[in-house]
Structure formats: C-alpha cells, structure tokens
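The structure appears below as structure tokens.
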Amino acid sequence: MNEIALSAIIRNLLEGAAWTLGLSLTAFVLGGIAGLILLFARIAKNPLPRRLAQAYIEVFQGTPLLMQLFIIFFGGSLIGLEVSPWIAAALGLTLFTSAYLGEIWRGCVESVPKGQWEASASLALTHVEQMRHVILPQALRIAIAPTVGFSVQVVKGTAVTSIIGFVELTKTGSMLANATFQPFLVFGLVALGYFALCYPLSAYSRVLERKIHGSRAH
Amino acid sequence: MALVHIDALHKHFGSNHVLKGIDLDIEEGQVIALIGRSGSGKSTLLRTINGLESFDEGRIEVDGERIHPHETDLRALRQKVGMVFQQFNLFPHLSAGQNVMLATRIVKKMPEQDAVDLAKAMLLKVGLQDKFDAYPDQLSGGQQQRVAIARALAMQPRVLLCDEITSALDPELVNEVLAVVRNLAAEGITLIMVTHEMRFAREVGDKLVFMYQGRIHESGDPQTLFANPQTPELASFIGSIN
C-alpha cells in the first residue's frame, strides 16, 4: 500500500481549508446582505413584509441545514437544473446565514430602549433618519459580538456541505482518511484546521467589542 | 387664538377609556402644570400633543398645525413641539454637543458651524457650556436632563412638553433642573409640564390642570386652587402630597 507523506496530507488539507474559508466568506457576505434586507422587513411598519420575513426565518431556522442543502441540490436536478455542489453549498449556507443574522440583528435593534425612538421622534426625525443616526449606531455596538460569534457557526456549518460532495476541509479529510487508514491523525488535523479558522474570529470579536466600547469614552 | 387648542379629545387603550373628552386652550407664554394621580391620563394627554400617542376622537391644534386622529406625518408638528422625558433619553453614542446638534443638522439642515454655535449657546443656557464633548455616561442625572432640555430647545419649539422631568433624579439634583425650567418660564417659553413638584407648580405655573379619571376635573390659577380646592378629589390629592 502506498504511504502518503504527512506533507502531502497537510497540503491537501490546506487546499480543503481554502475552500471552507471561501464558502464561509461567500455565505457570510451574501447572507449578511440578505440578512440586512430581512432585518428591515422584520421591523417595517407594513405587516406584509414583516410576515413574509418571519415565515422565511421560521422555515430556515426550523429545518436542518442538511435538509436545506439536499432540497436545493436534488430539487434542482428534479426540475432539470444542473446544480453543482458549490452552487448548492453556497446558496444553502447563504439562506441559512441570512435567516440567523436577520434575526440576531432584529434582536439588537429591539434591544435599543424605546425612549431612544421617542426622543428622536420628538425631534422630528423621520423613521429612516432615526434608524440611521440613533438606532443602528447603538444596535451595531450590541450586534458585533453575536454576529462574529455566529460567523464561527457558519464556518463549522460548512462541514455539512461535504455530504452533498462539496470538497472542503471535512470532505478532503474523509477522503484522506480512507486513503491513508490514519483517521485519527487526519481528523485531528482537520479539527485543528477548523480551530485555526474560528479562534481568530472569536478573539477578533473581543478586540472589536473593547474598541467600539472604549471609543465613546474620549 | 390659543397656541395649543385641544378639543373634545378621546383616547382608548384597548377597552380602557383613558382620555374622556379633554378641552384645553393654552396661550403663548403660559406655564401649565398638569397634576393628578398616576393613571389619571396626564402623561397620555401630554404625549398626544406631539403625536407620541395617537387619539381616537377630537382635535389638537398647535400653532395652526392640526393633528388628526391616527396621523402619521408629524414632522411639521414636531418641529414646533419639543419634549423632555423622565428618563432623559439622551443618545448614548453621541456627546452632549452632538445630542443637541443632531436634529438641527438633520431636520433643519443647518450648516455645521451654525449648528455647533447654536448647540454651544443652548448648553450655556442650561449651565453646561463646558460639557460639549462629554458623553452622557460621564454626566450626572441632573446634567443629562439639562442636556436633554438644551437638545429640545435647539429646535426652537413653540411649546416645550416636560414629562415628569425630575422624577428619575436623586433629590439633591432636582433643584438644578428646576432652576433651568424656572429660567425658561421667565423667558416666556410656553411650557406644559406633568409634575409631582407641587411647590414648583405653584410657584412657576400660570395655570394648574388637575386630571382625574381621564377628565380635567378642576383647573385654574395655582395659588387659588391650592388654597381653596373646589372638589373633594383635588383636596384629597393635595392632602396626600403634602
């Protein structure tokens, strides 16, 4: 049987990690944009966008990510659309991310005290002006920690896409484990890879939180 | 023509009829003290005057600006009516100066330098000229409330609404805020205040309005009313306060 050198294992895993990172970034950026739209729909005065956004959020939070990926991946081919694992993975994770970010951010907006709305309303600001100058700057400060915290969930969530055949870190790891018969070593390295991606994120969130909190004291 | 004209105003919170036909005229320069037990409708009445509460029937006119029931476009009205809240409600992410400038910059589109000058003048008026760059969490409650007054005044409102503005303050900080209000009254600003400071209401108020169960139960000159209440409800209210 062929010996696969450790260096080759690591090289392959790094390549897989790059795809994990790429998928996470795509899902986070696109999911963030969609999440922002969901946020505004959720806090709109008109009940129609509010209900639509709520239904969307409930569907994506109430079903497993894996099922969402299966439905996109297999459902596409059912209606004659060729959906590549990359497209299915990116689309699935984007929808998943947007549902959570939209809801996290709504919580942050709603945690700004009612008196802030009343005070800015009494100064004749419009709804959009209130959001832009009074509510969002305060919500942003509250949102940083949970948002970056959730980005860690997105990175770890990408592992599920290995099941529909997207070759990211976990999929690379299982292929290497099968080829080398060294699952403990390989998956140990895979875990290390996820930790290396996630730890800086949570450390960065702590720095940001301190920075933005300190910035109003001078 | 009265500056604030309230006519047959009714409001319900669900099945609770909180304002049962309020008629009230307020002349320019008058200081009105709204008093009454909690739940009597006095804060709700105050909040309908700048549209923070909607109402079901009746009409309100402020300086010719008519508010209809369930009106949503209140921008013009709110430029004429300033408000100061019990909990100050300063914007915590902005300095005192920026709090005072925000609406003049955004709503009145005032040039930056003019807005800064005006904000400084308003802070001077409330005795906080050296706190322009201080953030709300660096100020005492009394100072925060004075910034809130300066913020409302910067919009040069025709009427200033004060909703129990000393109730959240430690006792030793009440007087510095009342002193500012006393000066405003002396300048001739039209003030409508919901207050529990009876001595202050008596001293500064031109007209006392006693609310009881959603109606104006008694109103008139503060000195006369305090000395000689016409209804047992007002007598018992005055008695319970002193």
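These numbers were taken from a predicted model, which means no experiment stands behind them.
At least one test fails for A:Arg106 against the ring of A:Phe40: distance under 6.0 Å to the centre or angle within 45° of the axis. At least one cation-pi condition fails for A:Lys156 and A:Tyr194: the charged atom is not both under 6.0 angstrom from the six-membered ring centre and inside a 45 degree cone around its axis.
Residue contact with chain A, scored on non-hydrogen atoms closer than 4.5 Å, involves the backbone and the side chain of B:Phe91 alike. At a 4.5 Å heavy-atom cutoff, B:Val84 makes no contact with chain A through either its backbone or its side chain. Only the side chain of B:Leu102 comes within contact range of chain A, with heavy atoms under 4.5 Å apart. For a residue to count as touching a neighbouring chain, one of its non-hydrogen atoms must lie under 4.5 Å from one of that chain's; by this rule B:Gln87 does not touch chain A. Only the side chain of B:Arg47 comes within less than 4.5 Å of a heavy atom of chain A; its backbone N, CA, C and O stay farther away. At a 4.5 Å heavy-atom cutoff, the contact between A:Glu118 and chain B is made by backbone and side-chain atoms alike. Contact of B:Leu77 with chain A is not made at all, since no heavy-atom distance falls under 4.5 Å.
Note on ring orientation: taking the six-membered ring where Trp is involved, the planes of A:Tyr199 and A:Phe195 are parallel (angle under 30°, cut-offs 30° and 60°).
Chosen from A:Lys45, A:Gln116, A:Lys114, the residue pairing most often with chain B at heavy-atom distances under 4.5 Å is A:Gln116. Per-residue heavy-atom pair counts under 4.5 Å with chain A were compared for B:Leu94, B:Thr104, B:Ile106, and the maximum is reached by B:Ile106.
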| said: I'd like to know whether B:Asp163 forms a side chain to side chain donor-acceptor pair (under 3.5 Å) with B:Ser43, so could you lay out the CA-CA distance, the side-chain angles of the two residues, the decisive distance to 0.1 Å, and finally the verdict. | reply: CA-CA 7 Å; B:Asp163 193 4; B:Ser43 275; 2.9 Å; yes

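The number of heavy atoms from other shown groups lying within 6.0 Å of CZ (A:Arg50) is above 12.
The distance from atom CZ of A:Phe28 to atom CG of A:Leu201, rounded to the nearest 0.5 Å, is 8.0 Å.
Using a 4.0 Å cut-off between a side-chain N of Lys or Arg and a carboxylate O of Asp or Glu, B:Asp63 and B:Arg158 qualify as a salt bridge.
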